[in-house]
Each structure stands twice: as C-alpha cells, then as structure tokens.
Amino acid sequence: MARIEDYGLIGDLQTAALVGKDGSIDWACFPRFDSPACFAGLLGTPEHGRWILAPRADAWVTGRRYRKRTLILETEWETEDGAVRVIDFMPPRDKAPDIVRIVEGLRGRVEMASELVIRFDYGSIVPWVRRVEGGHIAVAGPDALAFRTPVANRGENMRTIGEFAVEEGDRVPFVLTWYPSNQRPPRAVDPEAALRDTDDYWQDWARMCSYVGDWSEDVHASLVVLKALTYAPTGGIVAAPTTSLPEQIGGVRNWDYRYCWLRDATLTLLAFLNAGYLEEARAWRVWLLRAAAGDPAALQIMYGVAGERRLTEFEIDWLSGYEGSRPVRVGNAASKQFQLDVYGEILDAMHQGRVHKLARSKEAWSLQRRILTFLEDAWKEPDEGIWEVRGPRRHFTHSKVMAWVAFDRGVQAVERFGRTGPADRWRKVRAEIHAEVCNRGFDRERNAFTQSYGSKRLDASLLVLPLVGFLPPDDERMIGTVAAIERELYRHGFVYRYLSDKESQQIEGLPAGEGAFLPCTFWLADNFALQGRFAEARELFERLLGLRNELGLLAEEWDPQARRQLGNFPQAFTHVALVNSAFNLSRAEHARAVEQRTPAEQPSAY
C-alpha cells in the first residue's frame, strides 16, 4: 500500500479525492467531503473502490507536481517506448462534482490502461453498470456516476476496463461525474475547457495573496490546500478530507476529520486573514453564525459542513483499515465534548477580523457577547481540552488560557474598536483567570506551566501562551516552560504533544502511541523566534518544510523512526501552522518590528 505522503490532493471546493503515485484514485467521497466514499481502497483493498489510470507496461514516474499555484495535478511517466503525462483535477463547481483526467502523449507510444472499480457506501455496494452513448452509467441506491470517455471500455469481474495507446501530441480525456440517481445524468463537461477554467480560477485566487517573504511559494502551496478544504456553499472548513488514517500504524487512534472543527476553522481563518483573503473570512463568519445559533452552552466543537450537529460515530467493520489500522470510523463522538478553548479561538478570530478591517456585523458581536456571558461561569469548569481526551474531564491549563483570550479580546473590542459591552466586568474576569492560571497551572519546582492544574506533566499546547499574548515570550516562566518542553517533548528534532505513558492512557482513555505532532513543532519554531533565537527558529521551520511530499502536502503527525507521515491527510491544522509560522518568522527576523508590535496585533501562530 502507498504511504500517506504518496498521495496528491485534488478537489472542487465541495469534496476531494486522493491520487496515488501509481495513478490510482483510492479515496473520493460524493457529493460532499463527509459523504460516503465511492472509492475506499485507501482504507481497504482495490475491491473497495478505486480508479487507476497508468501505463500498462513497466513504467516509472519521472515527475509529479501541481501546476504553479493551482490544484491541477500532473504526473509524468516514462516507459521503454515513450513518455506520457496524466493531468488530474476537479473543476470548481455549482452542483455536479467531476473528476477529470486527461492523458497526454509526450514522446513515442505508450500503452495505457484505465481500471474503474466503483463501490458505493465505503466499498460495500456494487452498482449496476450499463453502457450508454459515450460511456457508462453506474447506479446504486441514491448514488449514480456517469463515466464518459472516447476510449472503449468493457466490463470484467465487476470492473470497467479500458485499454488504449497514446502517441506524442495525443490527448485522451476521462470524466467521472456524480449525480443523484433519481435525476437525469448532468450534461457532459468539456474536459479541455474545464482545464482552462480550473487553471484560471486557481491563478486568480493565488494572485490575491499578500504574503511577501522568503517562503512565498511554500505559503501559497499551503493556502491552496486550505482553500481546497473549504466547503464553498456554506464557508465551512473541514479539518481534512479523510477519515481513519492512523496516528500510529496498526493503532486505534483513527478518527473521522471530514468535519468543521471550530478550532481548525478559526485558525484557518487567521491564516487567510494574514494572507489578505477577506472573502473567506466573511464566508466563515456567516457559517459560524448559522452553526452556532442558539444557546452558547450548546455550542459544539465541530459541525458538519452545512452546520449539522449530529455526527454520530460508528465503525465500518468490512474495511481492514489503512495498513491494518482499525477500526475505521465514520462520524466523531468528540462532537459532544466540552472544550473550553474553542470559545477563546472564536473570540480571537473575530478580533483578528477587526484588526484586518473585516466589515462590522451586529450578529457576530451579539454572538461574542453571549459567549462571554456564558464563559463568566463556564471557564471555571473542567473540560476535555484541545486534545479531545476520552478520559475524565480536567482543568487543562491551555483551556483556561484560551478562556482568558476570550475575555481579553472582548475587552479590546470595546477599548480599541468601539464595540459596546461590559468591559469592566470582562476585565475583572480576565484578571481572575490570569491569576489562577499563573498560580495553579504553573509548577514552581519544574519552573514550567503544566498540562493541568496540580499536574507535573508537560504539554506542547502550552507553547501558545506567548503566541496569544497571555505572557511575554521573555517572561521567565515562559522561558522555563519552553526549556522544559525542549528537554522532555522535543525528540528526534520534533515535538510530541505530551509523554506517552500509563498516565497519558488514563487521561486520554486510549492506548498510548502516536507520532510527533507537526503543528506543535511549528509552535516551537515560533517561540524560538519570539525569544530571539532566530537561527534555531529558521532551522526548525526549514526542517518541517522538508517533511512535505513533493506536492507540498502534510499530514498531522510524523514518525521519525520510519520517516513517514501519519494521520489524516492533508491536515488543515498543520498547513495553518506552516502559513502562520512563515508570517511570524518573517516578521520576527526584523528585530525592530518585533519590539514595536503589541501582542494583540501579532498574527496568531496558533
């Protein structure tokens, strides 16, 4: 099976697909990110659905890349008889999702084969397939796919197979289109026109980026990924387009990330704001107002892409899991958790919107006031925390800090931006939280903040304290905390979230074992920069860039021993951290700008 990083991403701003180096699309969900997969070979076998398009004879990949600043994937193959390029993309759409694949002859003559294995509902349903003019129609239950190509195809062992040859200058298209089975097939797209339109769309979008610095192309590549994870009809942003890619090969930490975490979405919003993408910020704010409507006490940590609240978690037992990593999960039980930090992230995102002059919204300010009213008592409660533990709730230090952030941003909304609110009361709560965190969340013997009140354990989430302005980066308590994390959680050149031991199993309610956590490693680079350790910050940041595959994609974690990526892919949280670290390091290397900038004006790297 291909490694996680062997895949490339294509998408149409409503769903996505993963394309392997071998030319096989092993994961695709229609019509939305969180819909059942029709290609689920990634989590099982080819019999659970895939579409491979590749040379028939022995061949080797000589290059794989995205067209500059787009999500159009190009893979070039060499054989003894010639060379060929396969162009894969999904046109940004209104209704019907299309996967378009164009085979282009580059040199000589290359024998090609297409093998289409359609299995709806995560590989469990074999559709009826019938031949129509120009292609085939596959139908099962509510789902239908139209497969159109000039290549003659035949049915064989529940597969649709086509064999053909291309010579220099030939261009052979394939288009796969999903539609509801009770409707007529949509009109066929013109593959070449769709290619031009898709290229124009991404080029136009990339030109709006305001980042200028040493890592311009790296930032653009990650921003394209984040845009691709945006569900255009609503403005929701999914954490990843996949489910159940493991945090440890063979382990059970396999979660469904095809939903909109408020934390991930708000941090993605900050990356967009830093890069000048205000339209994405406006769309997200509208999505949030719809999703969060009602009592702030009922606010969920995640929603469906249209704001759905019921994300019931269940296991799919007919899939063997990626490299045997079971169970395969759909839905996410963490949607019912209480995570205090998300309130702070929402208020910080709204604050950054004000800093970047996003248009005022009475509804958005009303939501923020309701959240702060709820938090005046709720901040005192234990929660499941940023890492979504499935053990007992605790008073996590990071959660309390983010509650402080909520009140701090509320106060600034009144003081700096003229909003109306009980700033005196919020200042009092802000001071109370700050004092409690410094008293109960800081271990004087260790000279470090700890994971939870009364604990001796470290946690990489504590790296965010100076990033959100809770303490200056040169505060002795932060210097001590960063030094402690370097000693205990910084191993093999990367940061782990916390020590993996028996105590962590009790806290999490899960077996130990996972890779180094990439967003936390970016946060350490930010802390190095804020402490004036510029050479170390740059070296660590460049090391992280070196983990990306040749397409610039990153998952959530990294296995330093096996030297491979782990977790759902590509991961918004990681790409957000990359973008914001690039901004932070670029600015921090100008010492005068660092000294003059106030914490509240810092672009959040969290």
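- Using a 3.5 Å distance cut-off with no hydrogens or angles, the side chains of H398 and S461 do not pair a donor with an acceptor.
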Going through the checks in order, is the side chain to side chain donor-acceptor pair (under 3.5 Å) test met by T450 and D443?
-> CA-CA 7 Å; T450 58; D443 187 285; over 6 Å; no
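- The side-chain heavy atoms of I87 and F89, taken from C-beta on, include a pair separated by under 4.5 Å.
- Using a 4.0 Å cut-off between charged side-chain N and carboxylate O, E557 and R253 make no salt bridge.
- Using a 4.0 Å cut-off between a side-chain N of Lys or Arg and a carboxylate O of Asp or Glu, D6 and R3 do not qualify as a salt bridge.
- Using modelled atom types, one side-chain atom of Y322 and one backbone atom of I4 make a donor-acceptor pair closer than 3.5 Å.
- A cation-pi arrangement is not found for R50 relative to W27, the charged atom failing to lie both closer than 6.0 Å to the ring centre and inside a 45° cone about the ring normal.
- Using cut-offs of 30° and 60° for the angle between ring planes, the F470 and H434 rings count as parallel.
- Remark: side-chain polar atoms of Q565 are paired, donor with acceptor, to backbone N or O of L553 under 3.5 angstrom.
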What do the steps show when you test R263 against I386 for side-chain contact (heavy atoms from CB on, under 4.5 Å), and what is the final call?
-> CA-CA 9 Å; R263 179 186 304 109; I386 182 176; 3.5 Å; yes
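- Taking every heavy atom of both residues into account, T242 and R258 meet most closely at O-CG, 3.5 Å.
- At a threshold of 4.0 Å, the pair R394-E384 does not count as salt-bridged, since none of the basic side-chain nitrogens sits closer than that to a carboxylate oxygen.
- In this structure, the side chain of T15 does not engage the main chain of G11 through any donor-acceptor pair within 3.5 Å.
- Side chains of E542 and W215 form a contact here, defined as non-hydrogen atoms less than 4.5 Å apart.
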When you look at D199 and T70, which way does the side chain to side chain donor-acceptor pair (under 3.5 Å) test go after all the steps?
-> CA-CA 6 Å; D199 187 273; T70 76; 4.9 Å; no
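- Put simply, CG on L467 and CG on L530 are 6.0 Å apart, with the number rounded to the nearest 0.5 Å.
- Of the charged side-chain nitrogens involved, none lies within less than 4.0 Å of a carboxylate oxygen, so that R329 and D256 do not count as a salt-bridged pair.
- In this model, no donor atom of one side chain and acceptor atom of the other lie less than 3.5 Å apart for Q337 and R390.
- Closest approach of T266 and A349 over heavy atoms only: CB-CB, 3.9 Å.
- For the pair R409/W404, a side-chain contact is recorded, criterion being any heavy-atom separation below 4.5 Å from C-beta on.
- Between W287 and Y231, a ring centre-to-centre spacing not shorter than 6.0 Å is recorded.
- Checked for salt-bridge contact, R548 and D218 meet the test: a charged N lies under 4.0 Å from a carboxylate O.
- A distance-only check finds no donor-acceptor pair linking the side chain of Y498 to the backbone of L489 [under 3.5 Å].
- In terms of heavy-atom proximity, A54 sits nearest to D22 at CB-O, 3.6 Å.
- In terms of heavy-atom proximity, E514 sits nearest to Y496 at O-CE2, 3.9 Å.
- With rounding to the nearest 0.5 Å, the separation of CG in L465 from OG1 in T397 is 8.5 Å.
- When only modelled atom types and interatomic distance are considered, Q531 and N527 share no side-chain donor-acceptor pair under 3.5 Å.
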Please walk me through it: do E280 and W205 pass side chain to side chain donor-acceptor pair (under 3.5 Å)?
-> CA-CA 11 Å; E280 282 71 16; W205 189 81; 2.8 Å; yes
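- Two residues are said to be in side-chain contact when any heavy atoms from C-beta on lie closer than 4.5 Å; V219 and S216 fail this criterion.
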Do I10 and I99 pass the side-chain contact (heavy atoms from CB on, under 4.5 Å) test, and can you show the C-alpha distance, the side-chain angles, and the key distance before you say yes or no?
-> CA-CA 9 Å; I10 57 174; I99 295 178; 4.2 Å; yes
Hey, mind stepping through T521 and L540 against side-chain contact (heavy atoms from CB on, under 4.5 Å) and telling me if it holds?
-> CA-CA 8 Å; T521 310; L540 180 53; 3.7 Å; yes
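- Checking side-chain atoms of T234 against main-chain N and O of G236 turns up a donor-acceptor pair under 3.5 Å.
- At distances below 3.5 Å, at least one donor-acceptor pair connects side-chain atoms of H356 with backbone N or O atoms of Q352.
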Do N549 and E5 pass the side chain to side chain donor-acceptor pair (under 3.5 Å) test, and can you show the C-alpha distance, the side-chain angles, and the key distance before you say yes or no?
-> CA-CA 6 Å; N549 69 9; E5 60 266 33; over 6 Å; no
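- Atom-to-atom distance recorded for N274:CG and F272:CZ is 11.5 Å, nearest 0.5 angstrom.
- A distance-only check finds a donor-acceptor pair linking the side chain of S586 to the backbone of A582 [under 3.5 Å].
- Shortest non-hydrogen contact noted between R64 and L73 is CG-CD1, 3.9 Å.
- The closest donor-acceptor contact from the side chain of D264 to the backbone of C260 lies at 3.5 Å or more, if one exists at all.
- Within 6.0 Å of CG in D58 there are 12 or fewer heavy atoms belonging to other residues, nucleotides or ligands.
- The CG atom of L544 sits 8.0 Å away from atom OG of S581, with the distance rounded to the nearest 0.5 Å.
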Stepwise side-chain contact (heavy atoms from CB on, under 4.5 Å) check, M302 with N332 | CA-CA 9 Å; M302 70 178 85; N332 202 305; 3.8 Å; yes
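- Between the side chain of T79 and the backbone N or O of A59, no donor-acceptor pair lies under 3.5 Å.
- The local environment of NZ in K456 is crowded, with over 12 non-hydrogen atoms from other residues, nucleotides or ligands closer than 6.0 Å.
- The distance from the CZ atom of R207 to the CD atom of Q203 is 6.0 Å, given to the nearest 0.5 Å.
- Side-chain contact of D34 with Y259: a donor-acceptor pair under 3.5 Å is absent, judged by distance alone.
- Contact check for V482 versus L463: side-chain heavy atoms found under the 4.5 Å cut-off.
- Inter-residue side-chain proximity for I102 and V86 is flagged as unmet; no heavy-atom pair is nearer than 4.5 Å.
- Partner V405 forms a side chain to side chain contact (heavy atoms under 4.5 Å, CB included) with one of V464, V468, I433 and no other, that one being V468.
- With contacts defined as side-chain heavy-atom distances shorter than 4.5 Å, the pair W284/T268 does not qualify.
- The CG atom of L547 lies 4.5 Å from the CZ atom of F494; values are rounded to the nearest 0.5 Å.
- Heavy-atom minimum distance, P241 versus L9: CG-CD1, 4.0 Å.
- Side-chain contact between V495 and F517 is absent, with no heavy atoms from C-beta onward closer than 4.5 Å.
- Taking the ring axis of W387 as reference, the NZ or CZ atom of R497 stays within 45° of it and closer than 6.0 Å to the ring centre.
- Within 6.0 Å of CZ in R65 there are more than 12 heavy atoms belonging to other residues, nucleotides or ligands.
- A salt bridge does not link D341 to K400: none of the charged side-chain nitrogens sits closer than 4.0 Å to a carboxylate oxygen.
- For an aromatic pair to be called close, the ring centres must be under 6.0 Å apart, and F583 with Y211 satisfies this.
- Separation of the W261 and Y303 ring centroids does not fall under the 6.0 Å cut-off.
- Side-chain atoms of D559 never come within 3.5 Å of backbone atoms of R564 as a donor-acceptor pair (strictly under, hydrogens ignored).
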